[in-house]
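In what follows, a structure is listed as structure tokens, so that the remarks can point back to it.
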Amino acid sequence: MGANRPFREEPKLRVESLAVARGGRVIFEGLGFVAEAGALVELRGANGSGKTSLLRALAGFLKPLTGRVVFENIHEPALALHYVGHQNGLKPTASVRAHLAYWAGLLGGAVTGEDVSMTVGLAGLADLPARVLSQGQARRLAIARLLLAPRPIWLLDEPASALDAKGRTVLANVIEAHCAQGGLVLAAVHEPLGPSPTQVLSIGGAS
Amino acid sequence: MGANRPFREEPKLRVESLAVARGGRVIFEGLGFVAEAGALVELRGANGSGKTSLLRALAGFLKPLTGRVVFENIHEPALALHYVGHQNGLKPTASVRAHLAYWAGLLGGAVTGEDVSMTVGLAGLADLPARVLSQGQARRLAIARLLLAPRPIWLLDEPASALDAKGRTVLANVIEAHCAQGGLVLAAVHEPLGPSPTQVLSIGGAS
Amino acid sequence: MSALAATFRRDFALMLAGGGVLAPLGYFVGAAMLVPLAMGPERTLLAAAGPPLVWIAAALAVLATLERLFQADLEDGSLDQMLLSSAPLELIVLAKGAALWCAVGLPIAVAGAPVAIALQAPPALIPAIVASLGLGMAAFIGAGLVGAAVTAGVKRGGVLIALIVLPFFAPPIIFGAAVAQGDYVGSALLVLGGCALAAAALGPIAAAAALRLQAE
Amino acid sequence: MSALAATFRRDFALMLAGGGVLAPLGYFVGAAMLVPLAMGPERTLLAAAGPPLVWIAAALAVLATLERLFQADLEDGSLDQMLLSSAPLELIVLAKGAALWCAVGLPIAVAGAPVAIALQAPPALIPAIVASLGLGMAAFIGAGLVGAAVTAGVKRGGVLIALIVLPFFAPPIIFGAAVAQGDYVGSALLVLGGCALAAAALGPIAAAAALRLQAE
Amino acid sequence: MFSTFANPARFMAFSAWAAPLCAVAALALFAIGLPWGLFSSPADYQQGETVRIMYVHVPAAWWSLAIYAFMGGASFVGLVWRHALADVAARAAAPIGAAFAGLCLITGSLWGAPTWGTWWEWDGRLTSMLVLFVIYLGYLALWGAIEDEEKAARLAAVLCLAGLVNLPIVHYSVEWWSTLHQASSVLRSGGSSIHPEMLGPLMTMAGAYAFLFGALLLTNMRAAIYRRRVEAVRLRSPI
Ligand code: HEM
Ligand SMILES: Nc1ncnc2c1ncn2[C@@H]1O[C@H](COP(=O)(O)OP(=O)(O)OP(=O)(O)O)[C@@H](O)[C@H]1O
Ligand SMILES: Nc1ncnc2c1ncn2[C@@H]1O[C@H](COP(=O)(O)OP(=O)(O)OP(=O)(O)O)[C@@H](O)[C@H]1O
Ligand SMILES: [Mg+2]
Ligand SMILES: [Mg+2]
């Protein structure tokens with residue numbers, strides 16, 4: 001499956017009356033929405049309102065209290081999702097190149113690391129250990145995952161944090177391209193990402 | 001030394017032909033500037049341009065390659081600085097209250113944790129372990145340090161990251177109040193913090 | 001499959017980085033060298049009590065490397081990516097275990113030879129001891145995976161892990177010590193092989209189940 | 001002063017949280033219980049070789065708690081705050097060491113009594129053994145602080161730490177084992193006291209010097 | 001710190017001729033000491049010919065201790081006065097000291113086999129010497145584990161100073177818990193008690209080891225400084 005191949009399956013996400021609890025406290029309930037292929041859904045909400053919790057519930061990491069999450073027209077569920085969370089998932093001692101190679105293998109990537117690190121602007125840093133990357137450089141590396149392996153649905157948690165202006169435009173372009181390909185993007189944000197969202201989802205005020 | 005007491009010493013920061021190297025590579029050279037009491041200096045620069053390195057050099061954590069950093073009119077050098085970096089400095093198992101109490105002791109704070117957590121909007125979370133805080137809540141806790149112990153010079157590294165709109169206004173007010181008191185604030189940012197900076201320092205393009 | 005290869009390569013590299021193979025070796029050799037220090041110069045005593053203690057040193061050396069095995073993955077978000085992999089988590093955990101065995105278990109088994117000699121083991125037994133250590137390491141790691149996974153969320157799990165894992169270490173140690181003392185070597189090696197197989201087969205499954213619950 | 005009190009209280013609490021005192025204790029007891037397993041049932045052998053091994057278990061239990069002592073502070077940014085404290089870093093490190101001794105050293109010293117009995121130490125010696133462990137723990141921690149500080153920046157330093165710290169553990173272990181075996185108890189206790197004092201005095205200074213270099 | 005390289009410049013000039021000179025002196029003394037010790041010196045009335053190992057063993061032992069002391073001094077200077085040359089010196093001496101310590105251990109156990117009937121014994125001196133050897137290894141391992149030279153130097157210096165406590169233990173171990181290893185017969189208060197016919201070659205060998213150390217140290221330091229100079233050049237050029 002090459003990166004260039006659009007997602008013919010027309011992936012679709014349906015969430016029905018979802019409720020999530022953390023540590024015995026209900027964070028939100030009765031959340032329902034539908035996101036079509038090609039959509040960019042922006043999640044908004046105050047700190048602690050449950051954006052991350054929702055994304056992790058969608059990714060299947062967090063068991064919801066009630067309700068269900070349905071992916072439609074996904075042929076290989078194991079290859080449906082990308083998740084970029086608050087944590088970048090880097091190992092301090094491993095080099096940028098090593099990370100890209102590892103993810104390509106782990107996530108079943110087809111693209112070569114070089115092109116990717118070029119795109120996200122990490123060219124020239126390939127041999128630096130992640131430990132020494134600046135905050136924004138580390139974030140760029142995490143974002144590079146999205147390009148390594150083609151997956152229809154992207155779940156992004158404040159993807160633009162720590163990125164400079166250039167980084168943000170790169171991110172915006174990547175997201176637009178993915179949506180144009182028929183991909184589906186859900187992003188938790190505090191400020192607009194750039195590309196105009198097809199849908200804005202506000203999560204109720206935190207406790 | 002009460003929090004309400006303004007900084008009569010009129011703190012002043014002078015940086016002379018500063019050069020910083022990381023891992024054998026010069027990040028920036030010949031940097032010099034002067035910041036007067038009451039100033040808000042915004043540091044700008046691309047990812048990897050050296051904002052964090054500069055702040056850490058100013059804080060004395062990172063030995064500069066050449067050049068010097070001079071604090072003027074500081075009577076107790078040990079009590080001169082606050083540093084809020086990319087890392088929040090939280091212990092996952094310790095509660096919000098425990099963190100505030102610890103910092104108050106460590107940094108020689110006078111204010112009580114209650115008022116502070118109220119100000120930064122953590123009221124009600126005092127007993128949660130830091131592990132369960134949302135990204136923005138954790139950031140607010142780190143920012144609470146600034147209010148716990150009065151110190152003339154604040155070094156802030158992307159202080160607004162992960163903060164929601166409300167959090168940003170709180171931060172802006174805190175910073176303005178500090179400058180009004182005759183404090184000195186240096187903040188590395190990718191977007192304006194809100195209060196108009198008295199000085200904007202751009203760090204040369206990174207690799 | 002390449003997911004497993006990638007995991008193995010990555011974990012193996014990570015374990016060699018910083019400290020390197022030398023590090024667990026240092027722990028193993030160091031711990032073993034403490035024995036004579038503590039027991040004093042009487043060589044008869046050492047000859048009788050020393051060899052089995054190779055196994056304690058080995059067990060504790062593995063234990064020392066287990067603590068952060070999954071805890072780090074959980075904290076830095078790598079676990080999320082492992083869960084999203086195209087390969088089932090069980091196999092990925094297996095690959096991690098295999099990497100651990102190659103990077104830590106094998107070197108310790110080999111270093112077992114000089115250490116056993118220093119602890120006055122009869123030279124004739126050395127090959128058997130090394131082989132038994134190789135098998136025992138696999139058993140330790142298999143059991144250790146589960147302990148590491150269960151305690152991944154706990155701060156300072158490294159010491160809690162000891163509580164959980166050491167009971168499972170007991171059988172390999174008993175039979176391994178028998179080998180080191182030259183008692184029923186053959187059958188003991190068989191049992192160790194059994195332990196190793198069982199641990200390698202069941203460990204990853206149980207560990208994966210625990211990890212799925214850790215990612216919250 | 002309140003900076004030190006705060007540090008002590010905080011670190012003590014952190015060590016009790018997650019695992020709690022039980023964890024290092026479990027490690028200590030667990031490691032010690034492996035000895036009879038490994039050495040087999042002969043009580044005579046155990047009686048001769050067992051008691052000194054209490055010290056190895058103790059040393060390794062401390063070692064296990066050392067790895068993350070400063071590494072975590074370095075990674076999560078707490079070290080920066082320690083450097084900005086109103087109190088000198090040396091004293092803060094001292095406070096951390098004291099907390100470690102109270103949370104880990106003292107419990108292990110006390111647990112040393114039952115463990116030593118289980119390892120066939122003569123009951124008459126128990127008080128001396130507990131006292132010696134208490135002193136030895138202080139010596140271990142003092143030396144351990146330096147090792148932990150020097151390796152704080154190194155990934156998987158926990159095993160490199162063993163290589164660096166174990167040599168410094170040797171003297172307390174030798175004299176502690178002498179106590180456990182009932183040889184020149186009095187003078188051995190004196191030496192241990194000296195070790196403890198020296199470690200407690202010099203350890204924090206060296207550790208602080210190293211930590212200042214770690215914060216980059 | 002780069003200002004101090006003016007000083008290393010002078011060091012380079014000095015070591016340029018000092019290193020080869022030490023090497024020559026070492027060769028000469030070995031040429032005298034080895035035959036003297038191994039052939040023309042008297043055999044020991046108890047140990048017979050095996051006593052000749054002494055001429056390898058004892059100087060190695062002495063110098064492995066002396067070198068660590070030297071490293072301690074250098075580390076102190078490096079830490080307190082931030083003297084780059086001192087860092088280099090300590091780092092350059094470590095592998096030599098480790099080698100001498102290893103040589104002492106090996107020759108010692110070779111000697112022990114015939115005289116004590118055992119290769120190794122956990123006696124105080126032997127143990128403390130093994131500990132010193134491990135400390136050497138730990139010191140080198142730490143250097144290896146930290147990429148940033150500057151930082152590695154300082155941290156290793158702290159470790160080295162801490163390790164100094166082991167030296168008196170090694171030296172006095174024989175008196176504190178006197179077991180197998182014989183007490184000092186040369187370096188002891190009240191003059192040496194060793195047979196003068198043995199003292200001669202022993203001291204010659206000690207001198208030879210000294211110059212060998214000098215030669216190796218200076219060459220290592222020169223190599224390290226060349227490396228650092230390259231580094232310094234790279235440092236000057238921004239990314
Ligand atoms: C592995 C075994 C051995 C080790 C690690 C060892 C270690 C040492 C050390 C560290 C010293 C220097 C002590 C000082 O000057 O502070 C020394 C000196 C000496 N050793 Fe050994 N030794 C070993 C075996 C032997 C044996 C088997 C003999 C002969 C029976 C021996 C004879 C001597 C003598 C004569 C000296 C000189 C003592 C003096 O005059 O100061 N050593 N050894
Ligand atoms: N040990 C090291 N070896 C090599 N390069 C290093 C090392 N440490 C830091 N760097 C480099 O130093 C540069 C400056 O990093 P720094 O964190 O100061 O940038 P920054 O301006 O804070 O970036 P950001 O906006 O992403 O936070 C980065 O390019 C980083 O790769
Ligand atoms: N184990 C837990 N026990 C109690 N409360 C918890 C637990 N885990 C999370 N929470 C709470 O759940 C809420 C939602 O957290 P979440 O990270 O989803 O918020 P968020 O919308 O991502 O916030 P941010 O914008 O700061 O990232 C937070 O208020 C947090 O305090
Ligand atoms: Mg969030
Ligand atoms: Mg930065």
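Here is the naming used below: chain letters follow the sequence lines, and residue numbers restart at 1 for every chain.
Here the CD atom belonging to B/Glu158 is positioned 8.5 Å from the OG atom belonging to A/Ser161, to the nearest 0.5 angstrom. Note that NZ of B/Lys51 is 7.0 Å distant from CG of A/Asp164, once rounded to the nearest 0.5 Å.
Of all residues in residues 184-192 of chain A, those placing a non-hydrogen atom less than 4.5 angstrom from a non-hydrogen atom of chain B are A/His190, A/Glu191.
Within a 6.0 Å sphere centred on CD of A/Glu29, other residues, nucleotides and ligands contribute 12 heavy atoms or fewer.
Residues passing the side-chain contact (heavy atoms from CB on, under 4.5 Å) test with B/Arg97, sequence neighbours excluded: B/Ser95, B/Glu114, B/Ala126, B/Asp127. For the side-chain hydrogen bond (donor to acceptor under 3.5 Å, both in side chains) test, residues two or more places apart in sequence or in another chain that qualify with A/Glu42 are A/Arg44. B/Arg139 is linked by a side-chain hydrogen bond (donor to acceptor under 3.5 Å, both in side chains) to B/Asn88, counting only residues two or more places apart in sequence or in another chain.
For A/Ala162 against B/Asn47, the heavy-atom pair with the smallest separation is O-ND2, 2.9 Å. A/Gly48 and B/Ser134 make their closest contact through N-OG, 3.4 Å (heavy atoms, listed as atom of the first residue, atom of the second, distance).
Proximity of A/Arg25 to B/Val132: side-chain heavy atoms (C-beta onward) are nowhere separated by under 4.5 Å.
Neither the backbone nor the side chain of B/Ala165 has a heavy atom closer than 4.5 Å to any heavy atom of chain A. Looking at B/Leu133, there are no atoms closer than 4.5 Å to chain A (heavy atoms on both sides), in backbone or side chain.
Heavy-atom pairs under 4.5 Å with chain B were tallied for A/Leu128, A/Leu163, A/Asp157; the largest tally goes to A/Leu163.
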